[in-house]
There are 2 protein chains.
Amino acid sequence: MKDRKQHVIKMAHQLFIDKGFQATSIQDILDYSGISKGTFYNYFSSKNELLIALLKSIYEKINKKRNELLMGQDPSDIEVFIKQIEIQLEMNRSNNLSSLFEEVFFSNDEELKQFIKKGHFRVIRWTHNRFKDIFGHDKEPYLLDCSIMFLGILNHNYKYYSIESNSRTAIKKVVRYSVNRIVKIVEEVAESDEQLLPPEKLTSWLPDCKKSTKALQQKLQHSILSLKKSLHHSHEPLKYIELLDFILDELVNTKEPRKFLIESVLSVLKTEPSLFKAGDMQKLEEQIKQYFINEELL
Amino acid sequence: MKDRKQHVIKMAHQLFIDKGFQATSIQDILDYSGISKGTFYNYFSSKNELLIALLKSIYEKINKKRNELLMGQDPSDIEVFIKQIEIQLEMNRSNNLSSLFEEVFFSNDEELKQFIKKGHFRVIRWTHNRFKDIFGHDKEPYLLDCSIMFLGILNHNYKYYSIESNSRTAIKKVVRYSVNRIVKIVEEVAESDEQLLPPEKLTSWLPDCKKSTKALQQKLQHSILSLKKSLHHSHEPLKYIELLDFILDELVNTKEPRKFLIESVLSVLKTEPSLFKAGDMQKLEEQIKQYFINEELL
DNA sequence: ATGAAAATAGACTGCCAGTATAATTTATAG
DNA sequence: CTATAAATTATACTGGCAGTCTATTTTCAT
């Protein structure tokens, strides 16, 4: 009955949008979603945990949409970036995320605070990575500052502009305006050569778990190599080798590997059960799963 | 026993700084400040009301310090502005205001939310007024946008920079950096002639109570005129006329009249009780008091 | 079909904000 | 100085909440 858990999250989300997070009591959620207390505490250890589950699912959705927009596009094309940011704001709006965030930060639950904080850091990191794509290597020393300033500008502009009109066109206007500003700021700040925070700070905020990631990558490489070897007997090895190589490349060389892509490739590979030894495929899947769990923890 | 109320506020403030607002129960406040529940609810109708009282006193302090810095200085001197912003951040830091604000916004108390929101608007308005001083009239159409962006940049930069070092020099660095950016942004945005929000929006966010203010101003003008007339018999009328004119000018032509200044001038005027008719002075004082109450309500 | 394991319902506990009432102090008038 | 009214303060009480515990039902593997 996993749908039931999803159902509870959905109902709670509705209540949060309608009444606000704080104002929604657990009893409200029980009544509205038609479950009992035992069930609730079986799913979540607290209201905060439920919120974290909800936010995670929204984060995932945003991430997925952002990645779809980038697929097959030039990463240095700023128009793509603009669309990505628009999506992000649009999702915030439709999920009442901004008010949720604001509410949430006053919580005294340390875990929830950490979660939100990590979320902010991840947004900064994502923006920073995109800025590297867009503005190029020579601007890099200034790009962490610029990411932080960009998000500050964007949030503030949106906050006050949306008082007046809170529509899709409002979002577009705000995003365009904010991006226009940051483009000039990047130029200006590089010229005046002022730096507040060196980009390396990011890795201390969000440690890459480099050791464990490295170790996992080696295991993955090994698994895939042995899979490729066992392909020699296949009648179209090239196609499968390409797929395997893609997986490896996506996991090892991409900042944020696209889970859904990898999963679809895996499913293709699994359509021919005769290709590999029974355990090998499973082993690979297990490792990939582990990899994403690792990613998630940052 | 009015000190007792102040004492409670002070003790609560300490607790808020130590444990956070949400995590502090009313019982904690009662224990820590050695009063009983009845007393507490006699002073404040709720914990939120206490918070509002606390914030008001902090706002006043900040405002006073800011005004002191501006006294006798050139308002267009950006170095003065920098010092004012530094003071503001410094006060936020020492009072743990930023975390308080963040906590507070997730409250479901509508009154408290409105209060905080109004506080944000006032900061924007103050910044906007200062920007008008600094950047001049021709930049005015862009200065509301710039105020909003400046505060976004400043907050974000400070938020993330203070993770690394949270000292007085950190504040200075962040403020200098942020001001350097906004100076260039003002130039750039004026050149590209882009506008998001027209500055008139401010008055709709913070209505001036124009009607009542206008009416009060006329009354004031009248009172002061009659006081000036009665001065003809004095042996040094000029000095007192100047003082009276100063009060009128400060109240009518200044965006944020400096209460402490006006009060000190009033006290000087009152040192010579023979100067004016008994009731006239009192009437003036009453009107000025009314004026500030009006101001406070926006 | 049966027994173990997981899911569910709802009663129960303790805490907290806010209220009502009782006791005490303070102010005022005779 | 005393009596009485008013304000202040202390504390007992209420209702609602989050979270726990236990008994019951459902699910699933064998």
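The chains referred to below are lettered A, B, ... by the order of the sequence lines, with proteins before strands, and numbering in each begins at 1. FYI, side chains are in, hydrogens and waters are out, and symmetry mates aren't considered; it's all heavy atoms of this structure.
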Grab the [atom1]-[atom2] distance between [X] and [N] for me, whole Å please.
| X | N | atom1 | atom2 | answer |
| --- | --- | --- | --- | --- |
| Asn48(B) | dG18(C) | CG | C1' | 13 Å |
| Ile35(A) | dG10(C) | CD1 | C1' | 13 Å |
| Asp31(A) | dG16(D) | CG | P | 13 Å |
| Lys47(A) | dC17(D) | NZ | C1' | 10 Å |
| Asn42(B) | dA7(D) | CG | P | 11 Å |
| Lys5(A) | dA6(C) | NZ | P | 15 Å |
| Phe40(A) | dG19(D) | CZ | P | 8 Å |

N/O to N/O distances under 3.5 Å, protein versus nucleotides 11-16 of chain C:
none

Handout entry: Pair Gln88(A), Asn92(A): side-chain N/O donor-acceptor within cut-off below 3.5 Å
Key =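 Their side chains do not contain a donor-acceptor pair, so the 3.5 Å distance test is not met.
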
Practice task
Please determine, by modelled atom types, if Tyr32(B) and Asp18(B) share a side-chain donor-acceptor pair under 3.5 angstrom.
Solution key: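 Absent: no donor and acceptor within the cut-off.
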
Exercise for the section: Salt-bridge test for Arg93(A) and Glu90(A): reply yes if a basic N is under 4.0 Å from a carboxylate O, no otherwise. Expected result: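 Judged by the 4.0 Å cut-off on N to carboxylate O distance, Arg93(A) and Glu90(A) do form a salt bridge.
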
Exercise for the section: Would you please confirm or rule out a distance under 4.0 Å between OP1 or OP2 of dA17(C) and any side-chain N or O of Ser46(B)? Expected result: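 Indeed not, no polar side-chain atom of Ser46(B) lies that close.
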
Practice task
Please check the phosphate of dT8(D) (OP1 and OP2 only) for any side-chain N or O of Tyr41(B) closer than 4.0 Å.
Solution key: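 No.
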
Handout entry: Steps toward side chain to side chain donor-acceptor pair (under 3.5 Å) verdict (Tyr158(A), Asn166(A))
Key = CA-CA 9 Å; Tyr158(A) 183 61; Asn166(A) 187 359; 3.3 Å; yes

Exercise for the section: Could you pull out all residues at least two apart from Glu164(B) that satisfy side-chain contact (heavy atoms from CB on, under 4.5 Å)? Expected result: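 Leu197(A), Lys201(A), Trp205(A).
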
Practice task
Compute both the distance and the angle, then confirm whether Lys47(A) meets the cation-pi test with Phe21(A): under 6.0 Å from the six-membered ring centre, within 45 degrees of the axis.
Solution key: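 Yes, Lys47(A) lies over the aromatic ring of Phe21(A).
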
Problem - 5' priority, DNA chain D, between Asp28(A) and Gly38(A) [closest heavy atom] - result: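 Here Asp28(A) is the residue nearer the 5' end.
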
